[in-house]
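Here the structure is laid out as structure tokens; the discussion comes afterwards.
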Protein chains: 2
Amino acid sequence: MLTNKGKYGLKAIVHLARLEAGETAQVANVAQRNNIPKKFLDAILLDLRNAGMLRSKKGPGGGYALAKPARAIKVGAVIRALEGPIAPIACASRSAFRACEDCGDIDTCPVRSVMSDVRDAIAGIVDNTTVDDLVQRSIAREPLHADYAI
Amino acid sequence: MLTNKGKYGLKAIVHLARLEAGETAQVANVAQRNNIPKKFLDAILLDLRNAGMLRSKKGPGGGYALAKPARAIKVGAVIRALEGPIAPIACASRSAFRACEDCGDIDTCPVRSVMSDVRDAIAGIVDNTTVDDLVQRSIAREPLHADYAI
DNA sequence: CTAATTATCTACTAATTTTATAGACAATAA
DNA sequence: TTATTGTCTATAAAATTAGTAGATAATTAG
């Protein structure tokens, strides 16, 4: 499940990725443009900054910007930074494995088996989609850039 | 995310799928063998019964059994019955679509775009894996049936 | 230096969801 | 008729999510 935190974070990072090179955006602006509670976004952007995806600057004219090219930021990294492991269940996680307390034998557990497949399927998407991919798709779908307008 | 409810439900239905043809199992037994709180499992099996996957019989000698062959029950159906839609976010759900309140334009939303892909990836696994598949995998991984024992 | 601006940090609260539990009721078999 | 087993309603504890309040720190402009 993607919580509001993850959703807001993805929207915000796409917003930042669409800025001109060198430009920054302030939290208040990103929040307003994307209908995100400002205080909540404060905490979210801080997480993404601490994860190395954003850089920030205080004071007048300050704000946030990507710390690296949008094509170098995977959607999976954003989600993991904000929501933790992507596996549907801890025993199927690669980065944060933990056995269930109720589980007799992890090797024969049918739930773990299918949930590991699900984990891999999710990773196959989020770790092969970058923030730049999202920007390009958004642009491609905006009315003025639709196919029939070419 | 798979909650305990979904995990317990999957374990229980696999348990029932491993019974002899015509045999039933009582909730108390399924609960004990799988380390599931009995009262919680009561509610779970009821959900699966109401979804048409299980049949039940009251009284002495009663219990639960599959309502159809294990190969006709998809993991996705079990999860949906117990946890609702599989999409990570409502706007990416096919069965229970709902727009986000904060979303300006659903057609260009980058979050919805990638989460739709994730939804399809998850469905690709859970809707192509049956309860019988889980049973077969469990059996194949049990020590006495391991490859080296052939 | 001062004042305005903007990010950072800590602490807290409210709402929602998950994870159950209690106990009465209904059906069935011996 | 009694013991057994599923069914149903109501409730509560625990955990997670979603936010808010308010002080602090850094930077810029004047």
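The analysis underlying the following values was restricted to heavy atoms, covering all of them including side chains, and did not include hydrogens, waters or symmetry mates. All chains are named by letter (A, B, ...) in the order of the sequence lines, taking the proteins before the strands, and each is independently numbered beginning at 1.
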Co-members of Met1(A) in a cluster of I, L, V, M, F, W and Y side chains, linked at under 4.5 Å: none

Could I get the full list of side-chain contact (heavy atoms from CB on, under 4.5 Å) partners for Arg94(A), not counting sequence neighbours? Arg119(A), Asp120(A)

Evaluate the criterion side chain to side chain contact (heavy atoms under 4.5 Å, CB included) for residue pair Leu2(A) and Met115(B); output intermediate values, then yes/no. CA-CA 9 Å; Leu2(A) 188 77; Met115(B) 286 303 135; 4.1 Å; yes

Could you walk me through whether Leu46(A) and Asn50(A) satisfy the side chain to side chain contact (heavy atoms under 4.5 Å, CB included) test, starting with their C-alpha distance in whole Å, then the side-chain angles of each, then the deciding distance to 0.1 Å, before giving a yes or no? CA-CA 6 Å; Leu46(A) 208 51; Asn50(A) 292 336; 4.2 Å; yes

Are the side chain of Glu83(A) and the backbone N or O of Lys5(A) linked by a donor-acceptor pair below 3.5 Å? no

Under the side-chain hydrogen bond (donor to acceptor under 3.5 Å, both in side chains) test, residues paired with Arg137(A) that sit two or more places apart: Ser113(B), Asp117(B)

Nearest whole Å is fine: how far is dA18(D) P from Asp102(B) CG? 11 Å

For Lys7(B) and dT18(C), what is the distance between atoms NZ and C1' respectively, to the nearest whole Å? 13 Å

Please list, by residue number, the residues of residues 10-24 of chain B whose heavy atoms come closer than 4.0 Å to an atom of DNA chain D; answer none if no residue qualifies. none

Rounded to whole Å, please give me the gap between CZ in Arg49(B) and C1' in dC8(D). 12 Å

Reading 5' to 3' through nucleotides 19-30 of chain C, protein heavy-atom contacts under 4.0 Å coded B for base, S for sugar-phosphate only, - for none: SSBBB--BSBS-

Test side chain to side chain contact (heavy atoms under 4.5 Å, CB included) on Lys7(A) and Cys100(B); report intermediate values, then the result. CA-CA 10 Å; Lys7(A) 177 175 71 172; Cys100(B) 298; 3.3 Å; yes

From CG of Asp47(B) across to P of dT18(C) the rounded distance in Å is 13 Å

Measure CG/Leu46(A) against P/dG19(D) and give the value in whole Å, please. 18 Å

Whether each nucleotide of nucleotides 11-17 of chain C has a protein heavy atom under 4.0 Å at its base (B), only at its sugar-phosphate (S) or at neither (-) is summarised, 5' to 3', as -------

Nearest-Å distance, CD (Gln26(B)) to P (dA3(D))? 17 Å

Under the side-chain contact (heavy atoms from CB on, under 4.5 Å) test, which residues partner Asp42(A), sequence neighbours left out? Val27(A), Lys38(A), Lys39(A)

Which donor-acceptor pairs under 3.5 Å do side chains of residues 71-80 of chain B form with protein atoms, sequence neighbours excluded?
| residue | atom | partner | partner atom | Å |
| --- | --- | --- | --- | --- |
| Arg80(B) | NH1 | Gly76(B) | O | 3.4 |
| Arg80(B) | NH1 | Asp127(B) | OD1 | 2.9 |
| Arg80(B) | NH2 | Asp127(B) | OD2 | 3.0 |

Under a side-chain separation threshold of 4.5 Å, the hydrophobic residues clustered together with Phe97(B) are Ile106(B)

Given the rule in the side chain to side chain contact (heavy atoms under 4.5 Å, CB included) test, do Tyr8(B) and Leu82(B) qualify, once you have shown the distances and angles that lead to the verdict? CA-CA 10 Å; Tyr8(B) 293 159; Leu82(B) 296 174; over 6 Å; no

Provide, to the nearest angstrom, the distance between the CD1 atom belonging to Ile44(A) and the P atom belonging to dC9(C). 16 Å

Rounded off to whole Å, could you give me the CG-to-C1' distance for the Leu45(A) and dA7(C) pair? 10 Å

Using a cutoff of under 3.5 Å, can you pull out all pairs of nitrogen or oxygen atoms linking the protein to nucleotides 10-12 of chain D, with atom names and distances?
none

Sequence neighbours excluded, which residues qualify as side-chain contact (heavy atoms from CB on, under 4.5 Å) partners of Ala81(A)? Leu48(A), Ala51(A), Met53(A)

Which residues share a side-chain contact (heavy atoms from CB on, under 4.5 Å) with Asn34(B), sequence neighbours left out: Lys11(B), His15(B), Val30(B), Ile36(B)

